[in-house]
Novice: 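Let me begin by handing over the structure; questions about it come next.
Just so you know, these numbers use all the heavy atoms, side chains as well, and skip hydrogens, waters and symmetry mates.
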Protein chains: 2
Amino acid sequence: MNNAWHTEMLAEGRVSDRRIGDRDIVDKVRRAVLMQRLPPGTKLPEVTLGEVFGVSRSVVRKALTRLASEHVIDQRPNQVARVRAPSIEETRETFDARRLVEGEVVALLAGRLPAEPLAALAEQARGEVSAFERGDEPARIEHSLTLHHLLAEHSPNRVLGAMLTDLVLRTSIVIALYKRAGLASCYLEGDHSRLLTHLEAGDAEAARGDIHDHLNGLEALLDLSPREARIDLKSILGRAPEQA
Amino acid sequence: MNNAWHTEMLAEGRVSDRRIGDRDIVDKVRRAVLMQRLPPGTKLPEVTLGEVFGVSRSVVRKALTRLASEHVIDQRPNQVARVRAPSIEETRETFDARRLVEGEVVALLAGRLPAEPLAALAEQARGEVSAFERGDEPARIEHSLTLHHLLAEHSPNRVLGAMLTDLVLRTSIVIALYKRAGLASCYLEGDHSRLLTHLEAGDAEAARGDIHDHLNGLEALLDLSPREARIDLKSILGRAPEQA
DNA sequence: GACGAAACTTTTGTATACAATAAGCCCGCC
DNA sequence: GGCGGGCTTATTGTATACAAAAGTTTCGTC
């Protein structure tokens, strides 16, 4: 069958020599899912992963548990773990949740951000623009992700920050999944720099508005029409016998 | 040392005969933490738990991982898992986060709640009142928890619902932890029934306001004065060598 | 040729053994 | 008597073996 992905997995970075733990597996699988190298529904048997990474099932299992708690994979009892395929409905809900949480985070952040993190954010924004202009989509995604990750990290409210980290990952996954066919990249010019301006100026409500607009714009770039529910249909009829 | 808690653990319910998995361990430990039978800082060695529940370390480890992801315990590498002691700052942040999320959930819920779940909510509210009146604090907590749990479950937005479930647990833990000394119970008369009225009437913003007031009231019943930081001090100086 | 059952294979669940690390302890030294 | 080094012990990290369950194939029957 589809036995080609281990080579891709290994290509993700040198694996064999370094001391590798469950953390590395989590990072690499997460990244591969994000980059669509591991499409939804892909089976991830424990022994195979263990062979690829040169560790035993124990550590693989721990990694899979973590990935499941991050909503990257689905883990049902007595069944092989599979890359998750969030439904269209869940996609909408994830965006709604992120609007709420990230809006609040940037509102809290407005005007309270020291110069150093602000510079780091600006650098990511610049990096994203440049990556977009030279057509390097993976790099652009990386910069965008890092930017939002930084926002989460610097959230004055760490509980909300942790939630935002989770939501950023989940939205990124569904963006990769539901991106409109012809679209080269889900990029909205100026959104990030506008946000940073308002953050620096200390305008909390403007920053919240920026986040809302940004996420609305992103969501609009997706193909979430229910008539095109082939993905859902396929994953539910073909693979998932029950869904509570 | 403190080897008495396994008996308490077992008293939590019949354990030996039934088929017990990691889920049961998670439930029982969570409950014990909630009821303050397992105070913060309590060590939870894997072998001991395994002996108590009659399972091997494998399943205990899985249970501990779950508990850590629920923020019930702390799991640092090469160290025994311990019951978590959220700081005062984290307590405030948890309340803030819950205000945001639960407020949104009830706003979404207002007017869209069918009769059946509404009745279930009302029953929990009544149960809470009656438990309070007869001075049965554990039962009162149980009813209150179930009520908020039901709100989370019926959230139209399941992503927010799952987040709320987590936040309800965490706030309950810190309430138990920081409850003012003399206080018999953290109960605010009428709050829940008022919320239900507004939910049924479909007044989203009133419901959101009810949640805000309720959580503000609850937080006010806690002793979060930084001068009384003995709990933090004790747990940090006495047990935790490093804190990232 | 289609259907169904039984063996067979694959894969996960659990227990256990061994290695590595951290904590506690004792003893010698200053 | 206090302090530090090394030893002992307790506990977690990892690998592996076996059991149970799910999935797959094959074969016989209708």
Novice: With B:E46, which residues qualify under salt bridge (charged side-chain N to carboxylate O under 4.0 Å, His left out), at least two apart?
Specialist: B:R57, B:R61
Novice: Mapping B:S58 and B:V47 to their closest nucleotides on DNA chain D, which lands nearer the 5' end?
Specialist: B:V47
Novice: Give a yes or no on whether a salt bridge exists between A:R84 and A:E70, defined as a side-chain N under 4.0 angstrom from a carboxylate O.
Specialist: no
Novice: Would you indicate which nucleotide in C:dT16, D:dT14, D:dG23 comes nearest to any side-chain atom of A:S56?
Specialist: D:dT14
Novice: Take the protein atom CG of A:L44 and the nucleotide atom P of C:dT10, then report the distance between them rounded to whole Å.
Specialist: 19 Å
Novice: Rounded to the Å, how far apart are A:E51 CD and D:dA15 C1'?
Specialist: 14 Å
Novice: Rounded to the nearest Å, what distance is computed from the CD atom of residue A:Q79 to the C1' atom of nucleotide D:dT24?
Specialist: 15 Å
Novice: Closest approach to the side chain of B:N78, judged atom by atom: which nucleotide of C:dA22, C:dT12, D:dA15 is it?
Specialist: C:dA22
Novice: Distance alone, cut at 3.5 Å: any donor-acceptor contact between the side chains of B:H148 and B:R98?
Specialist: yes
Novice: B:R66: which residues meet the salt bridge (charged side-chain N to carboxylate O under 4.0 Å, His left out) condition with it, sequence neighbours left out?
Specialist: none
Novice: Which of the following nucleotides, C:dA15, D:dA15, C:dT12, is nearest to the side chain of A:P45?
Specialist: C:dT12
Novice: Would you mind reading off the distance between A:E46 atom CD and C:dT10 atom C1', rounded to a whole angstrom?
Specialist: 12 Å
Novice: Closest heavy-atom contact between B:Y178 and B:I88?
Specialist: OH-N, 3.5 Å
Novice: What is the separation between atom CZ on A:R61 and atom C1' on D:dA15, rounded to the nearest whole Å?
Specialist: 14 Å
Novice: Atom CG of A:D22 to atom C1' of D:dT14: distance rounded to whole Å?
Specialist: 11 Å
Novice: Taking NZ from A:K43 and P from C:dT12, how many angstroms apart are they, rounded to a whole number?
Specialist: 9 Å
Novice: Kindly point out which of D:dT16, C:dA15, D:dT14 is positioned nearest to the side chain of A:R57?
Specialist: D:dT16
Novice: I need the CZ-P distance between B:F53 and C:dG13, as an integer number of Å.
Specialist: 20 Å
Novice: Between A:K62 and D:dT14, does any side-chain N or O lie under 4.0 Å from OP1 or OP2?
Specialist: yes
